[in-house]
Structures are given as structure tokens and as C-alpha cells.
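Data block below; observations after.
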Amino acid sequence: DGGITQSPKYLFRKEGQNVTLSCEQNLNHDAMYWYRQDPGQGLRLIYYSQIVNDFQKGDIAEGYSVSREKKESFPLTVTSAQKNPTAFYLCASTVRGRAYEQFFGPGTRLTVL
Amino acid sequence: AQSVSQHNHHVILSEAASLELGCNYSYGGTVNLFWYVQYPGQHLQLLLKYFSGDPLVKGIKGFEAEFIKSKFSFNLRKPSVQWSDTAEYFCAVNADSSASKIIFGSGTRLSIRP
């Protein structure tokens, strides 16, 4: 089945540690996105990538970093500089130029202790 | 800058009641509008979309939305809700100048009492 996988589903880290969230898709989509979902704030765009080896900052990129070395993969690193990292993180992908039809993964809930 | 407002944060209805969830956007040009739904334990998925033409758009599971350009609104409606409609609903906008991303509203949590 084609889709997006995010692992792990739940992740716990100590304050001050960097952590990398995985996102893989086998839909052959060019574009991939990372969102942060907080109660009452909806989805906020962290980073997005339209093609391999290229990515752009979203609305809340500070404290995060990404890479896009392969079309299928778009890992997100939550660095120690992110002041409030505990959240639900969603990855999505689309055909390039069709940002409206986003296919979402199941999400990773990150808790920083 | 584009923005999307959903003023109802949590709506509670009984089964068979009619539903209307508000969505307003701010952008002066041509927009594409969407509603996404997130059922408990499931992935976020597209419910319906508007690009052009008939301002009344029909989606899955009996949902519809009406684009009213003069009011910058794209409200979601359903004549008679079911318990299975319990979910979180997100309105989103994509301006034609930005084919690379969409802006989501803050979401409305819908709870249906059986």
C-alpha cells in the first residue's frame, strides 16, 4: 500500500537533546512538508521541500532543521534551541504544484521531559 | 499574508442536528479553499475542495461547503450529523500565487452526542 510512515509514534527525550523524527513516503511525491499541531492552534508549517536537495522555511522554522537527500525521505530534527518542542508532529506529501491535496502520515507525538 | 480563522473551537451537537462550522480567510486575490478532517486515531484527510465554478461544493459523507466571496467565507455544513462525524475539522486556503503550500485554520473539534 502506498502511503506515508512516521516513526516512532511516541517519542520521549530529555531537555537539551536533539531528536530526529522520521518521515518516509512511497507515493512518488515530489513535495514533502512538516507541520506542528498544538491544541487550539491548528497545523503550523515548519519546513517544506519541493524537490530533492532543496527546502524552505515555513512559519515556525526556528529550532528545527531538515534534510532532503532522497525523494522518499524528509527527516526533521528538533534541536535543543526549540523552546517548546513538546507537540504532535505531522508529515505530509503532495504532487509538486498541488499543495492542496496533502497526504498525511499518522504523526509522532514528541514529549520533552 | 494569508490567514484562516475558525471561530468555533469546540462544537457539541446531538445526532440528527444540523451542522455549520465557520471559516473565514484573509486574502484579496483568487483562492482555493479546503476542508480537512481528522477522525480519532486516523490520518488527516481531505474532505472537500473549491477551486472555481459552483460556489456550493459537495464532499464525502454528506458534507458540503459554500464559498461566499463577498464574505471571505467557506463554511462547512451537514444537514444531519451522525455520531461518526465526531472529529476535528480544519479549514485551509491556498492562494494561486503559492502553489507550494496551504495555510490551515486552528481547527474545530466536533463532538456528537449519541
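Reminder, nothing fancy here: chain letters follow the sequence lines and each chain counts from 1. Both backbone and side-chain heavy atoms feed into the values below; hydrogens, waters and symmetry mates do not.
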- Task: Give, as side chain, backbone, both or neither, the part of B:Glu88 having an atom under 4.5 angstrom from any heavy atom of chain A.
- Result: side chain

- Item | Residue part contacting chain A, namely of B:Gln42, when any heavy atom lies under 4.5 Å |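 The answer is neither part of B:Gln42.
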
In terms of heavy-atom proximity below 4.5 Å to chain B, should [X] be classed as side chain, backbone, both, or neither?
X	answer
A:Leu45	side chain
A:Tyr35	side chain
A:Gln56	neither

- Message: Counting C-beta onward and ignoring hydrogens, is there a side-chain heavy-atom pair between B:Leu33 and B:Lys49 closer than 4.5 Å?
- Response: no

- Query: Do B:Glu64 and B:Leu56 come close enough that some side-chain heavy atom pair is under 4.5 Å?
  - Reply: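 The answer is yes, as the side chains (C-beta and beyond) meet within the 4.5 Å cut-off.
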
- Message: Suppose we call two aromatic rings close when their centres sit under 6.0 Å apart. Are B:Phe63 and B:Tyr89 close by that rule?
- Response: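 Between B:Tyr89 and B:Phe63, which both carry aromatic rings, the centre distance is below 6.0 Å.
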
- Task: Go through the side-chain N and O atoms of A:Tyr64 and A:Tyr89 and say whether any donor and acceptor fall under 3.5 Å apart.
- Result: yes

- Message: Between A:Trp34 and A:Ile51, is there shared hydrophobic-cluster membership here, with clusters defined by ILVMFWY side-chain heavy atoms closer than 4.5 Å?
- Response: no

